[in-house]
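Shown next, in structure tokens, is the structure this report addresses.
Naming convention: chains lettered A, B, ... in sequence-line order (proteins, then strands); numbering from 1 in each chain.
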2 protein chains.
Amino acid sequence: MSNNYSKQREIILEVIKNTRIHPTIEEIYEMVTKVDCKISKSTVYRNVKILAENDTIKKITMQEGPDRFDYIHFPHHHAVCEICGKVFDFEYNFETKKMSKSIKKQTGVISNMDCITINGICENCKSKK
Amino acid sequence: MSNNYSKQREIILEVIKNTRIHPTIEEIYEMVTKVDCKISKSTVYRNVKILAENDTIKKITMQEGPDRFDYIHFPHHHAVCEICGKVFDFEYNFETKKMSKSIKKQTGVISNMDCITINGICENCKSKK
DNA sequence: CTCAAATTAGGAATTATTCCTAATTTATAT
DNA sequence: ATATAAATTAGGAATAATTCCTAATTTGAG
């Protein structure tokens, strides 16, 4: 296995693995520089891109602001609160599969539903209103 | 009703209404300048944003590249081909509602499923492979 | 060990978008 | 109609997010 052979790439992956905050590149960069202060931002960008293409991590494209990333501990989707921006995980299930079938029928697009992100309002923000 | 009172805003809305290509700002800008060559790009940005906040048009956040926009002829979602980037419309239906309920149960996030975009592979690109 | 390939840091360049300002247009109240 | 206030505009500067470039360094294979 010839992946992950640079020290920097290992640090970046470890950092993403060990957080639950669905970090942006900026946040990943801040975390990795605490481990090794000389890692450059372009190295973070490059390796995060490689890891996302690998399906080691998942890119979460946000409606507003920079992309976020998440280590794939298990296959899952994301629900983003439109008010506070917090990201919640939810699992693949029967409903996901049914919807995938319905989309294929309507549009011809075949999807494993890998990149769905749902926008809505979380419980906390709803109760504040 | 005090919306749409500038000439520029009317042109921008008309252009978006009369295309099916789910245009980017750049593409909207090119189309509006064919009607009135003096409209500036910042005017396009500003008005497109207003129209999206109005729910007159819908912003489609792409996995790659700039946002795209679509006039809301009827409520619908989008399926994006990961290979050619083409955007397909699909309707709200039973499956969408079921999935929304499932997400609420799992995450607490309440969504009207307004901003789902599904990524996959379209028929045309699939047959080429 | 040696050498080719991959990776790095750091910054320049690019892309997408927002912000700023003075001038113009539009709406409102006489 | 006319004055005045509010909104909008063009155009460019500024910002944010990301990619690209290059010479130096590190890594892995023979």
Margin query: The criterion is side chain to side chain contact (heavy atoms under 4.5 Å, CB included); which residues satisfy it with K17(B), sequence neighbours excluded?
Written below: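 K17(B) satisfies side chain to side chain contact (heavy atoms under 4.5 Å, CB included) with E14(B), Y71(B) only.
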Check: Can you name the side chain to side chain contact (heavy atoms under 4.5 Å, CB included) partners of K98(B), sequence neighbours left out?
Finding: E95(A), F94(B)
My understanding is that only residues two or more places apart in sequence, or in another chain, count here; which of them pass side chain to side chain donor-acceptor pair (under 3.5 Å) with [X]?
X	result
K104(A)	none
E64(B)	K59(A)
D70(A)	H22(A), H76(A), H78(A)
Y45(B)	none

With a 4.0 Å cutoff (strictly under), does any side-chain N or O of [X] reach OP1 or OP2 of [N]?
X	N	value
Y45(B)	dT18(C)	no
R9(A)	dT7(C)	yes
Q8(A)	dT26(D)	no

[X] [atom1] - [N] [atom2] separation (whole Å):
X	N	atom1	atom2	answer
I50(B)	dC19(C)	CD1	C1'	14 Å
K49(B)	dT8(D)	NZ	P	14 Å
N47(B)	dT17(C)	CG	P	15 Å
K7(A)	dT26(D)	NZ	C1'	11 Å

Item checked: Near-strand residues of residues 18-29 of chain B, defined as heavy-atom separation under 4.0 angstrom from DNA chain D -> none
Checklist line | With F88(A) via ring pair (Phe, Tyr, Trp, His ring centres under 6.0 Å) - residues at least two apart | finding: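 Counting only residues at least two positions away or on another chain, F88(A) forms no ring pair (Phe, Tyr, Trp, His ring centres under 6.0 Å).
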Notebook entry, point to check: Can you tell me how far OG of S6(A) sits from CD1 of I12(A), rounded to the nearest 0.5 angstrom?
Noted result: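 If I round to the nearest 0.5 Å, the distance is 7.0 Å.
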Mind listing the N/O atom pairs, protein and nucleotides 11-15 of chain D, below 3.5 Å?
from	atom 1	to	atom 2	distance (Å)
dG11(D)	OP1	K38(B)	NZ	2.8
dG11(D)	N7	S42(B)	OG	3.2
dG11(D)	O6	S42(B)	OG	3.0

Note to self: Show me the pairs that pass side chain to side chain donor-acceptor pair (under 3.5 Å) and involve residues 32-43 of chain A, at least two apart or across chains.
What the structure shows: K7(A)-D36(A), E26(A)-K41(A), S40(A)-S42(A), S40(A)-T43(A), T43(A)-R46(A)
Check: Of all of residues 58-68 of chain B, which get a heavy atom below 4.0 angstrom from DNA chain C, listed by number?
Finding: P66(B), D67(B)
Notebook entry, point to check: So, the side chain of T19(A) versus the backbone of I16(A): is there a donor-acceptor pair under 3.5 Å, distance only?
Noted result: no
Using atom types as modelled, flag every donor-acceptor pair under 3.5 Å from a side chain in residues 106-113 of chain B to any protein atom, sequence neighbours excluded.
from	atom 1	to	atom 2	distance (Å)
Q106(B)	OE1	E91(A)	N	2.8
T107(B)	OG1	I103(B)	O	2.9
T107(B)	OG1	V109(B)	N	3.0
S111(B)	OG	N119(A)	O	2.7
S111(B)	OG	M113(B)	N	2.7
N112(B)	OD1	D114(B)	N	3.0

